[in-house]
Every structure is written in structure tokens, then in C-alpha cells.
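Report on the following structure.
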Amino acid sequence: MENKINLMDLSVDEIEKLLVESGVEKYRALQIFQWVSRGKKDFDEMTNLSKALREKLKERFYIGKLETQHRLVSKIDGTVKYIFRLEDGNIIESVLMHYKHGYTACISSQVGCRMGCKFCASTGLGCERNLTSGEMLDQIITIQNIENVRIGNIVIMGIGEPMDNYDNVIKFLKLVNSKEGLNIGYRHISVSTCGLVPQILKLADEGMPITLSISLHAPNDEIRNMIMPVNRRYSIDKLIEACKIYIMKTKRRITFEYAMISGINDSSENASELAHRIKGMLCHVNLIPVNDVEGVDYRQSDKKRIEKFQEILEQHGIETTVRRELGSDIKAACGQLRRSIM
Ligand code: SAH
């Protein structure tokens, strides 16, 4: 496969260009793209192409494929967790969640992560490599095919830091949004970042009305430096400033994710400090009782503390939700399963 081109990574226009170079009619590109979007992995299944054309395509192209190594279904809420094996043998995780308004897929953007957040299960083993846009797209396509459902929403909150794989993530967003393909609207896609400021500013200029989630997790530099090394590069002030620019340019509401860790970031003072920092912004806060991670001794804040925290933020007019835990029996939270397998 080495010098063949993976069709999963290509837009209709790109396929068109390559076909024309090989003397194939332009209009074939759309047909091929549609087969690929529907999850066909074998050229011989592309029944509207002649045998001769299929053979010709096989010489130049291949269709990347994820192998489903594990599929776990939560008995509590039906959440499904997948371990997919990539062509080079690396493994990643994806999750399918079912809400009232439809299916949401949570996908990975890298094999591992190099951000080093102390409470996160994905980061321990470092980052092996970036995922290609096709590998991100294929998580959606493969899940749809396995379950025979249509995924309406995507969150890039699985393993990896999407803003550390910027170009491939942007390309993925364009592919998945493509009218001829899966046609998932930008407004139905969230990208979560630990706060890579230059990339947030760049994203603000892409003209993609996606939802940006910021993994904030702390009200000040002292706490954030301790639990998220990225903060030593981009301080909270710089991050919040970038968020304000993002909001100004995109008019989109930002979500601040805040993992509640007992005794670390969950006091009333922490809540007030956070409120003062983000007051007046077009944003909302999502409190997440931190998930246990093997080898990390952070514990979940108790329910009372979380409620108090929420109450303080709301007193300052900041809309605040507490995340419902899904799939806790199948290690559905990011990186947990891959970590336990490795
Ligand atoms: N790298 C990106 C996206 C992946 S993590 C980011 O940092 O946003 C997805 C979300 O899960 C982030 O908000 C992350 O901080 C959070 N998270 C990681 N480990 C967690 C844990 N043990 N408990 C709760 N949330 C966690």
C-alpha cells in the first residue's frame, strides 16, 4: 500500500484532480466519494463503476480500514465503546452515545497525547502519532455501519489534543461536513482543547461555526500549572483572552469544561475566582466529576461541593451544568480502556 493513496483522506475535488491526471472522467470522483462515505472498503462493491475502472483504481488507490478490536456496550445506558486498530497496529478509542436528540460520536484525534494533564488517562504513554483526517472520518463511518444508525453529532474529545493535530482536524471537519458525504453540520460538532492559544486564534478565522470546548479545570495559574502543564506555556489570562477573541469572531458560545477534583479545585473560593474570570462571556460551564484513573490519586468531589460550586457560578449569571456520567461500567471515559489494554 505504501505508494498508493488512501481515498479516505480525500475530498471530492482532490479525487477529481487525481482521476483527471489518470485520464478518468471527472464525474466519477463523486461516485467514488459517496461509496467511501457509505463505508464501502472494496472497489468491487462500487457497482456503478466498470470492472476496468475498478481495476485501474486499485492500482493507484486503496481504502483505509479500521479493524474493530473490541466493542463494549454499557448495560446502564447503552453507550458503546470501541477499540479500533489502525493499519499500523496502533489502537484508538471511540464512543457512541445515545441522547434524546440522536446519536453522538466521540472520536480520537491522536494515538496518545503529549499534553501531560495529570488527571487524564490518555497521556501517560505519550503521543505515538497524529491521526490522518481519513482515520478520524473512518471512526464515524465505521460506527454508523456497525450499528446501522446515523450519527448526528460529533465531539472530538477522545484520545489526543485536536489542536496539536490542527491541519488534519480541519481537513476532517471539512470532509465530514461535505454535502456529498456525511453532511454533518458544523453546529453539530464540538472540538475540545486543553488550550493551545495560537491554534484557537487560527480556528477563529476558519469560518467554521463549530462549538469550542475549553478544558479549563482551574480558576488560576497556580492550580492550572499543577494539573495541566500546557498552562506554563499559555497562562489562563492568555487563554481567556483567546477565547474572547474566538467568541467575538465566531459569535459562538464557548463551553468551559471543569473536572471537579476533591480538594484541588473545588472550593467555594475557586468557584468565585472562576466566576470573576469568565463573567460576562458568551459561555457556559460544564462541571464533570473527575473520573478515577489508575495510578492517579485524584478523587471526585462529593455531590454537595459540586452543587455549591454550581450555585456560586449561577449566582454570577454563568450558566452551569453538571455532566451526566455515561458508560461508567465500560470505561467509556477518554483513554481509560486503551490504557488498561496497554
Ligand atoms: N485534549 C483535548 C480533548 C481530549 S480530553 C482536551 O484537553 O480538551 C476530553 C475531556 O476530558 C477534556 O475536557 C479533559 O480534560 C477531560 N478529562 C480527561 N481526563 C479526565 C478525567 N480523569 N476525568 C474527567 N475528565 C477528564
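The analysis underlying the following values was restricted to heavy atoms, covering all of them including side chains, and did not include hydrogens, waters or symmetry mates. Read the numbers this way: they start at 1 and go in the same order the structure lists the ligands and their atoms.
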In ligand 1, the atoms that come under 4.0 Å of a heavy atom of Cys194 are 6 (C), 7 (O), 8 (O)
With a 6.0 Å cut-off (strictly less than), is the heavy-atom count around NZ of Lys65, excluding the residue itself, greater than 12? no
Side-chain donor/acceptor of Lys41 to backbone N/O of Gly64, under 3.5 Å: yes
Is Ser213 close enough to touch ligand 1? Criterion: a residue heavy atom under 4.0 Å from a ligand atom. no
Side chain or backbone of Val296 under 4.0 Å from ligand 1, or both, or neither, by non-hydrogen atoms? neither
Can you establish whether the number of heavy atoms outside Glu222 located under 6.0 Å from its atom CD is more than 12? no
Those atoms of ligand 1 less than 4.0 Å from some heavy atom in His217: 13 (O), 14 (C), 15 (O)
Which atoms of ligand 1 sit under 4.0 Å from any heavy atom of Cys120? 18 (C), 19 (N)
Contacts satisfying salt bridge (charged side-chain N to carboxylate O under 4.0 Å, His left out) that involve residues 173-187 (not counting sequence neighbours) are none
Counting only heavy atoms, which portion of Val293 has something under 4.0 Å from ligand 1: side chain, backbone, both, or neither? side chain
Ignoring hydrogens, just give me the one of Lys118, Met163, Glu161 whose non-hydrogen atom is nearest atom 1 (N) of ligand 1. Glu161
Residue pairs, two or more places apart or on separate chains, that pass salt bridge (charged side-chain N to carboxylate O under 4.0 Å, His left out) and touch residues 99-117: Arg114-Asp164
